[in-house]
Amino acid sequence: MTAALSAHELIARHRSTLDQALEAIRTRAYWSPHPEHPKAYGENGSLDAAAGKAAFDALLGSRLDLGQPGTDGWVGGETSPYGVDLGVTYPHADLDVLLPAMKAGQRAWRDAGAEQRAVVCLEILKRISDRTHEFAHAVMHTSGQAFMMAFQAGGPHAQDRGMEAVAYAYVEQVRTPDNAEWTKPQGKRDPLAMNKQFTPVPRGIALMIGCNTFPTWNGYPGLFASLATGNAVLVKPHPRAVLPLALTVQVAREVLTEAGFDPNLVALAAERPGEGIAKTLALRPEIRIIDYTGSTEFGDWLEANARQAQVYTEKAGVNTVVVHSTSDYKGMLSNLAFSLSLYSGQMCTTPQNLLVPREGISTDQGPKSYDEVVADLAKSVDGLLGDDARANALLGAIVNPDVKARLEAAAGLGEVALASREITNPDFPGAVVRTPVIVKLDGAKPDDEAAYMSECFGPVSFAVAVDSATDAVELLRRTVREKGAMTVGAYTTDAEVERDVREACLEEAAQLSLNLTGGVYVNQTAAFSDFHGSGGNPAASAALCDGAFVANRFRVVEVRRDA
């Protein structure tokens with residue numbers, strides 16, 4: 001296969017970016033090569049807003065032919081949460097043909113080495129970045145995110161996470177040298193001398209099982225971690241969110257071909273309605289790595305049954321915020337209101353349980369009772385979402401009927417402090433848009449515990465009354481240990497309470513945000529700096545990203561001989 005992109009050219013083009021990424025994960029300082037603002041696109045080959053929208057529109061009703069082997073039919077059926085029928089069809093694969101074809105390209109990809117694999121991955125990410133506007137519409141109309149969130153989270157933030165995974169993969173692979181001259185003294189005898197070669201070898205084919213809500217943000221870390229460590233990657237999208245990942249596969253196959261590698265190193269596994277191929281794929285002997293984001297039930301099944309594979313899961317959790325005291329009451333309420341509202345609470349990091357002492361909290365505005373705190377938070381959410389245009393821009397659309405059903409059922413679980421209301425989206429009349437509901441529960445009542453100790457994914461939050469800060473910390477600790485948490489938040493001006501919350505999070509391995517009152521929110525994390533999940537509690541078996549997320553995707557094989 002003749003390469004249109006030589007290794008030398010790719011290294012010259014992307015090595016400096018790789019070095020910057022390596023420095024960023026070392027220092028944890030802010031860095032991103034992917035602009036967050038839509039107006040930054042339109043030059044140097046990237047699509048501007050109009051061109052990106054036109055490219056997306058051109059996809060509607062089309063057949064996305066990826067040129068994959070083993071295609072035995074065409075599948076589709078995505079309908080946007082905004083009420084648009086996408087009409088895109090994708091190749092359906094005969095796995096007995098596709099999987100051997102994917103495996104065939106791994107030898108040359110393995111032999112290319114860590115640096116060449118890394119720069120090929122960065123070229124893929126660069127071309128995806130150039131099409132960010134197009135991808136944003138694809139993410140918006142499969143996830144229900146509002147456009148600006150789809151643009152940022154589905155575009156630059158997802159690309160950052162992919163690049164972060166490439167950086168970690170490179171670090172772990174070059175930790176061991178390619179060659180070593182080994183000499184052991186033998187006293188008066190001649191020394192023992194050997195030449196040793198060390199090669200990172202891939203585990204096999206990686207399966208990336210995509211999610212509906214964040215197809216690129218949650219998908220790119222596993223995809224690029226596996227690809228950069230030498231593995232072929234089979235992308236199995238969620239049936240309601242195929243398009244963003246199908247476009248990703250399309251770009252990856254183009255770049256691999258131009259770089260002289262087998263395009264079948266990356267392939268798509270779209271499914272027929274109700275086919276449910278994830279379980280079938282997960283148990284195939286060729287599948288040696290699995291990345292999954294989604295329900296706890298299926299994540300637990302993968303961990304228990306896909307024994308031939310290294311499994312990385314991000315499942316469900318019950319995210320908690322301890323509200324003890326604050327020196328910025330208005331800022332706290334504003335920050336929490338935004339966190340509860342963003343993307344209609346359809347984020348694995350959105351707070352669910354707000355633990356508030358029943359005797360109230362101390363603030364810079366004087367003492368506030370439990371009832372006042374909850375009522376003021378409800379007013380803050382109402383104020384944030386009072387304008388329908390702003391509400392639509394923050395809330396997006398409800399992604400599926402199950403979320404809507406949970407939202408409607410939550411009102412019957414306790415006293416409603418903030419009722420959910422319906423909002424009309426004038427641009428998309430078919431969209432289901434709902435504001436959050438806040439329900440008051442008593443942490444001392446066993447009947448209430450069943451509600452707040454279960455994940456209620458969507459725009460539902462519980463204001464749980466607790467007896468004291470000590471009780472709040474103990475409930476936090478128990479929640480993380482039994483149910484898991486992707487995020488924990490706390491508001492306190494008391495050094496002892498802060499220490500106790502911090503200790504609980506360290507012991508239960510939960511990521512903690514303290515006293516957020518500005519423009520950083522508990523449900524947002526920054527690539528290269530923040531860890532998403534910890535891998536240390538039931539919510540997730542891995543963190544995005546750290547060394548553990550990439551190091552077991554390859555093994556080092558040694559060849560030694562007498563020097």
Side-chain angles (χ1 to χ4, degrees), residues 1-5 59 62-78 88-112 116-117 120-121 123-124 127-128 201-210 215 219-220 222-224 226-239 241-273 275-291 306 308-309 553:
M1 188 176 294
T2 303
L5 285 171
L59 291 168
S62 70
R63 173 176 287 184
L64 198 66
D65 190 346
L66 301 175
Q68 295 182 174
T71 297
D72 60 10
W74 298 89
V75 295
E78 292 159 290
V88 184
T89 54
Y90 310 95
H92 182 274
D94 179 340
L95 298 178
D96 291 329
V97 176
L98 180 60
L99 290 174
M102 294 183 71
K103 190 174 181 180
Q106 282 194 149
R107 179 175 179 178
W109 186 235
R110 176 202 71 198
D111 292 345
Q116 190 172 355
R117 286 193 295 270
V120 169
C121 288
E123 178 67 20
I124 295 169
R127 296 197 192 183
I128 292 171
V201 299
R203 279 189 172 272
I205 298 174
L207 172 65
M208 194 280 282
I209 303 174
Y220 283 5
L223 192 164
F224 285 99
S226 290
L227 191 61
T229 49
N231 303 277
V233 182
L234 181 60
V235 177
K236 206 297 289 182
H238 191 284
V242 182
L243 184 56
L245 292 178
L247 293 175
T248 301
V249 170
Q250 181 185 59
V251 173
R253 291 175 65 85
E254 290 171 356
V255 172
L256 286 164
T257 300
E258 291 179 31
F261 296 102
D262 191 332
N264 297 319
L265 287 165
V266 179
L268 185 77
E271 57 191 317
R272 300 185 180 98
E275 187 177 7
I277 63 172
K279 279 191 174 183
T280 301
L281 281 168
L283 299 181
R284 295 275 307 211
E286 302 97 329
I287 300 298
R288 304 304 301 276
I289 300 166
I290 298 174
D291 286 278
Q308 86 290 352
R553 295 172 190 265

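Numbers for residues simply follow the sequence, beginning at 1.
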Step-by-step side chain to side chain contact (heavy atoms under 4.5 Å, CB included) determination, V120 to L256: CA-CA 7 Å; V120 169; L256 286 164; 4.0 Å; yes
Those residues that, when tested against H238, pass side-chain hydrogen bond (donor to acceptor under 3.5 Å, both in side chains) (two or more places apart): none
Contact summary for L268 and V249, nearest pair of heavy atoms: N-CG1, 4.0 Å
Carboxylate-amine/guanidinium contact D96 R284, below 4.0 Å: yes
Flag, side chain of E271 to backbone of G276, donor-acceptor distance under 3.5 Å: yes
Heavy-atom pair of closest approach, residues Q106 and I205: OE1-N, 3.9 Å
The single option from L207, I209, L245 passing side-chain contact (heavy atoms from CB on, under 4.5 Å) against V235: L245
Expected output: side-chain E286 to main-chain P100 donor-acceptor under 3.5 Å: no
Evaluation steps, side chain to side chain contact (heavy atoms under 4.5 Å, CB included), between F261 and V255: CA-CA 9 Å; F261 296 102; V255 172; over 6 Å; no
Donor-acceptor pair between E78 and Y90 side chains, under 3.5 angstrom: yes
Side-chain (R553) to main-chain (P202) donor-acceptor, under 3.5 angstrom: no
Those residues that, when tested against Q308, pass side-chain hydrogen bond (donor to acceptor under 3.5 Å, both in side chains) (two or more places apart): none
For L227 against L265, the heavy-atom pair lying closest together: CD1-O, 4.4 Å
Side chain proximity check, V233 to F224, heavy atoms < 4.5 angstrom: no
Under 3.5 Å: donor-acceptor pair, side chain of R253, backbone of V266: yes
Non-neighbouring partners of N231 that pass side-chain hydrogen bond (donor to acceptor under 3.5 Å, both in side chains), sequence neighbours left out: T229
Worked check of side chain to side chain contact (heavy atoms under 4.5 Å, CB included) between E275 and H92: CA-CA 11 Å; E275 187 177 7; H92 182 274; 3.0 Å; yes
Backbone of E254 reached by a side-chain donor or acceptor of R127 within 3.5 Å: no
Atom of M102, atom of L234 and distance for their closest heavy-atom approach: CE-N, 3.6 Å
Interatomic distance, R203 atom CZ to I287 atom CD1 [nearest 0.5 angstrom]: 13.5 Å
Nearest atoms (heavy-atom pairs only) where T71 meets P91: OG1-CB, 3.6 Å
Donor-acceptor under 3.5 Å (R110 side chain, G230 main chain): no
P239 versus K236, closest heavy-atom pair with distance: CD-NZ, 4.1 Å
Rounded distance (nearest 0.5 Å) linking atom CG of L247 with atom CG of L64: 6.0 Å
R117 side chain to W109 backbone, donor-acceptor under 3.5 Å: yes
